[in-house]
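Residue indices begin at 1 and follow the sequence shown.
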Amino acid sequence: MELLVFGLVVVYTGGVWKFWNGFNRTNFQRTLPNRLRLALLWPALFATNKSYRQNFRKALKG
């Protein structure tokens, strides 16, 4: 159980980190609150919003 939780934390943190670093490649408005909100909410937005998924993929391309 602890390993599953650890894995989820690693995936979540990795997604935040990758999105944060690639944010400039997205179409989102470049403000700090927007960047922070979109980075922290990435799992929910990725699951529910097609436009966000496209931008998230742009952010991950390095």
Side-chain angles (χ1 to χ4, degrees):
M1 180 67 178
E2 293 86 20
L3 189 57
L4 177 63
V5 172
F6 178 74
L8 291 173
V9 169
V10 168
V11 169
Y12 174 77
T13 305
V16 169
W17 180 258
K18 293 288 281 183
F19 184 80
W20 185 270
N21 288 322
F23 185 77
N24 291 333
R25 289 188 284 273
T26 68
N27 297 330
F28 297 124
Q29 185 179 9
R30 282 146 175 74
T31 63
L32 182 60
N34 198 36
R35 186 179 191 172
L36 184 60
R37 187 177 322 114
L38 292 170
L40 293 176
L41 294 175
W42 79 263
L45 293 170
F46 189 85
T48 60
N49 190 305
K50 182 179 179 181
S51 175
Y52 183 85
R53 277 192 296 275
Q54 292 169 342
N55 278 289
F56 188 82
R57 288 184 184 112
K58 283 182 190 178
L60 296 187
K61 290 181 182 176

What pairs of donor and acceptor atoms, side-chain ones from residues 35-45 against any protein atom, are under 3.5 angstrom apart with sequence neighbours left out?
from: Arg35; atom 1: NE; to: Trp20; atom 2: O; distance (Å): 3.3
from: Arg35; atom 1: NH2; to: Trp20; atom 2: O; distance (Å): 2.4
from: Trp42; atom 1: NE1; to: Tyr12; atom 2: O; distance (Å): 3.1

For this session: Any chance you could measure Gln54, atom CD, to Asn27, atom CG, to the nearest 0.5 Å?
Result: 9.0 Å
For this session: Please round to the nearest 0.5 Å and tell me the distance separating atom CZ of Phe28 and atom CZ of Phe19.
Result: 5.0 Å
Smallest separation among heavy atoms of [X] and [Y], with atom names:
| X | Y | result |
| --- | --- | --- |
| Asn49 | Tyr52 | OD1-N, 2.9 Å |
| Asn55 | Thr26 | O-CG2, 3.3 Å |
| Arg25 | Arg30 | N-NH2, 4.1 Å |

Problem set entry | Linked, directly or transitively: Val11 and Phe6 (ILVMFWY side chains, under 4.5 Å) | no
Exercise. How would you list, by chain and number, every residue that makes a side chain to side chain contact (heavy atoms under 4.5 Å, CB included) with Gln29, sequence neighbours excluded?
Worked result: Thr31, Asn34
Problem set entry | CG (Leu3) with more than 12 external heavy atoms under 6.0 Å | no
